[in-house]
Amino acid sequence: MRRFAYCKVVLATSLVWVMLDMFILLYFSECNKCDDKRERGLPGRDVLRPREGPGEGGKPVVISKENQEKMKEMFKINQFNLMASEMIAFNRTLPDVRLEGCKNKLYPDDLPRTSVVIVFHNEAWSTLLRTVRSVIDRSPKSLLEEVVLVDDASERDFLKRPLEQYVRRMEVPVRVVRMEQRSGLIRARLKGASLSTGQVITFLDAHCECTIGWLEPLLARIKLDRKTVVCPIIDVISDDTFEYMAGSDMTYGGFNWKLNFRWYPVPQREMDRRKGDRTLPVRTPTMAGGLFSIDRDYFKEIGTYDAGMDIWGGENLEISFRIWQCGGTLEIVTCSHVGHVFRKATPYTFPGGTGQIINKNNRRLAEVWMDQFKNFFYIISPGVTKVDYGDITSRSSLRQKLQCKPFSWYLENVYPDSQIPRHYYSLGEVFSYTANKEIRTDDLCLDVSKLSGPVMMLKCHHLKGNQLWEYDPMKLTLIHVNSNQCLDKASEEDSQVPSVRDCTHTRSQQWLLRNVTLPEIF
Ligand code: UD2
Ligand code: MN
């Protein structure tokens with residue numbers, strides 16, 4: 001009798017499996033009608049049951065020996081391993097890289113809906129469609145208004161009609177809009193934003209992969225406060241193997257003196273504010289730029305983007321400063337993970353020259369938002385001031401109209417660990433002499449490790465010690481306090497490395513600091 005019951009259970013389970021297999025078979029044959037046969041498997045099931053195939057589960061793709069040459073050739077087209085990318089299914093499975101505490105968080109049902117805006121210039125078919133597929137497969141349908149693809153005047157035929165035809169059959173409206181001429185990612189995003197209809201706009205680069213549960217925690221923050229702008233953790237998709245590697249929740253966005261965006265460790269004060277709970281959003285001084293969600297009305301209210309910026313660069317710091325200085329909040333939502341292919345080189349042209357364009361964009365943001373602190377940037381990159389940055393009156397009046405706070409407030413309250421000293425005595429062509437009495441460029445400080453020996457630039461530790469220098473504006477000496485020796489110009493015998501030596505008050509120990517602001521110190 002018991003054995004009989006057991007058999008019935010086995011029979012019933014097998015029946016379920018047969019039905020399931022039939023369903024999968026039907027699904028496959030349906031999908032075989034598509035041009036893309038690699039797009040296989042059931043959306044939603046993939047996370048539970050890793051499939052076999054190149055790159056599945058976020059694994060690296062290995063290219064065989066005989067294909068290495070071809071692979072290298074193809075790499076040049078997009079500056080990532082295009083051959084590997086083409087081997088990977090658009091709906092490949094990915095590991096769930098979230099912190100345990102994120103996995104069972106609950107979110108309100110009535111979250112705002114988002115449009116996803118993706119701009120691209122000459123993007124690869126496989127990365128672009130894997131981006132779109134991952135958005136559709138891993139977002140609750142009720143939260144996804146549409147996907148807007150903005151083609152920034154690409155010169156590839158497959159991105160024209162074939163793309164339009166391909167996306168037409170997707171389960172969510174996917175629109176393709178075109179820039180009439182190459183406009184750069186900033187103006188392309190502005191166009192996408194203006195045509196989108198969701199209450200929230202989510203921007204993504206064209207070579208991303210969204211992971212399970214990426215969207216809800218972003219939208220939940222905006223629902224709580226419409227002035228919160230949110231970024232996911234950006235995971236790394238290897239440009240060499242397309243391996244999927246989790247990004248860290250312990251880094252946040254900053255920038256250096258050259259106004260390059262940089263990741264830095266989340267400081268202790270931010271850990272303390274969250275009472276050590278790493279699943280809570282991190283307040284970040286800046287965003288990387290490519291991946292974020294923002295309430296569409298708020299985006300308008302704070303002045304969208306600076307349409308005077310060209311091609312690439314600067315817009316991420318500009319919007320970051322603007323959000324903070326004008327009363328918003330910028331966060332990295334650590335429960336949301338989206339992968340991005342980070343490249344070592346840029347695959348496309350910068351009409352007018354890379355340096356020209358980036359310097360122009362950076363000048364626009366420095367002039368409008370950084371007050372006197374723009375000088376740090378100008379002094380360390382003197383060529384920048386020769387670049388024409390166009391008309392900024394509308395951006396300056398935006399700052400006025402919104403009554404945004406000064407940059408010093410931002411440094412003091414949002415980014416106190418910034419590499420820019422808030423108080424300094426002197427700014428020279430090479431270094432600054434800070435109010436902490438460091439001789440410093442960016443995050444490097446003049447350091448002495450050997451008595452009567454050469455000086456070196458080492459990472460600033462801000463503990464005074466061997467990085468503490470006393471300037472005497474009368475004698476013009478820079479005394480290394482710990483050793484009581486003087487900074488001495490390089491001489492030919494000691495291979496032209498400046499050193500500390502006993503103070504002799506000779507010319508080789510006299511240093512003229514420019515723009516010294518005396519009242520504060522001496
Ligand atoms: C980062 C950002 C990027 C942007 C940039 C600074 C991430 C992951 N990426 O550089 O979004 O903020 O910093 O500007 O945070 N594109 C165009 N037209 C162009 C040039 C680029 O549409 O003229 C597209 C491009 O196809 C891509 C997106 O803009 O989809 C971003 O370009 P990228 O991937 O070269 O920038 P990335 O990731 O190096
Ligand atoms: Mn990118």
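Counting convention: from 1, in listed order, for ligands and their atoms alike.
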Specify which N/O/S atom of Asp205 comes nearest to the Mn ion (ligand 2), by atom name.
OD2

Report yes or no: does Ile311 have a heavy atom closer than 4.0 Å to ligand 1?
yes

Could you please compute the angle at the Mn ion (ligand 2) from NE2 of His340 to NE2 of His207, rounded to 10°?
90°

Which of the numbered atoms in ligand 1 are under 4.0 angstrom from any heavy atom belonging to Glu315?
4 (C), 6 (C), 12 (O), 14 (O)

Under 4.0 Å from a heavy atom of Gly289: which atoms of ligand 1 are those, numbered in the order shown and with their elements?
11 (O), 12 (O), 15 (O)

Using a plain distance cutoff, I'd like to know if Phe342 has any nitrogen or oxygen under 3.5 Å from a nitrogen or oxygen of ligand 1.
no

What atoms of ligand 1 come within less than 4.0 Å of a heavy atom belonging to Leu291?
8 (C)

Any chance CD of Gln400 has more than 12 other-residue heavy atoms, nucleotides or ligands included, within less than 6.0 Å?
no

Are Asp151 and Lys160 ion-paired here, with the side-chain N under 4.0 Å from a carboxylate O?
yes

Ligand 1 contact on Ala188 by region, counting heavy-atom pairs under 4.0 Å:
neither

Answer with yes or no after comparing the ring centroid distance for Phe321 and Phe255 against a 6.0 Å cut-off, counting only values under it.
yes

Considering only the protein, which heavy-atom contact is closest to atom 1 (C) of ligand 1, and what is its distance?
Ala288 O, 4.1 Å

Please check if the distance between the ring centroids of Trp263 and Phe261 is under 6.0 Å.
yes

What I want to know is whether Asn316 and ligand 1 share at least one N or O pair that is separated by under 3.5 angstrom.
no

Compute the minimum heavy-atom distance from Met287 to ligand 1 and say whether it is under 4.0 Å.
no

heavy-atom search around atom 2 (C) of ligand 1 in the protein gives Gly290 N, 3.7 Å

Just let me know how His121 lines up against ligand 1, side chain, backbone, both or neither, with a heavy-atom cut-off below 4.0 Å.
both

Paired with Val150, the side-chain contact (heavy atoms from CB on, under 4.5 Å) test is passed by just one of Leu195, Leu190, Val119, namely Val119

Classify the side-chain pair Thr241/Ser238 by whether it contains a donor and acceptor separated by less than 3.5 Å.
yes

Of the side chain and backbone of Arg189, name the one, both, or neither that has a heavy atom under 4.0 Å from an atom of ligand 1.
side chain

Using modelled atom types only, decide if a donor and an acceptor are shared between the side chain of Thr131 and the backbone of Ala206 within a distance under 3.5 Å.
yes

Nearest protein heavy atom to atom 29 (O) of ligand 1, by residue and atom, and its distance?
Leu185 CB, 3.4 Å

For Asp205 and His207, indicate whether the former's side chain and the latter's backbone hold a donor-acceptor pair under 3.5 Å.
no

Distance under 6.0 Å and angle within 45° of ring axis: Arg168 vs Tyr166
no

Residues Thr329 and Arg221: side-chain donor-acceptor under 3.5 angstrom
no

Identity of the nearest option to atom 9 (N) of ligand 1, non-hydrogen atoms only, from Asp205, Asn78, Leu128:
Asp205

Looking only at protein heavy atoms, which one is nearest to atom 18 (N) of ligand 1, and what is the separation?
Asp152 OD2, 2.7 Å

Within ligand 1, which atoms have a heavy atom of Arg343 less than 4.0 Å away?
33 (P), 34 (O), 35 (O)

In plain terms, say whether Asp388 and Lys360 are close enough for a salt bridge, that is, a side-chain N and a carboxylate O under 4.0 Å apart.
no

For atom 20 (C) of ligand 1, which of Trp312, Phe120, Tyr348, Phe350 has the closest heavy atom?
Tyr348

Below 3.5 angstrom, do we get any N/O pair linking Val119 and ligand 1?
yes

Any N/O of Gly314 closer than 3.5 Å to an N/O of ligand 1?
no

Can you check whether Phe299 and Tyr305 have ring centres sitting under 6.0 Å from each other?
yes

If you count the atoms of ligand 1 from 1 in the order shown, which ones are under 4.0 Å from a heavy atom of His340?
8 (C), 38 (O)

After noting the C-alpha distance and the side-chain angles of Glu318 and Trp369, does the key distance pass the side chain to side chain donor-acceptor pair (under 3.5 Å) rule?
CA-CA 8 Å; Glu318 194 269 343; Trp369 297 102; 3.2 Å; yes

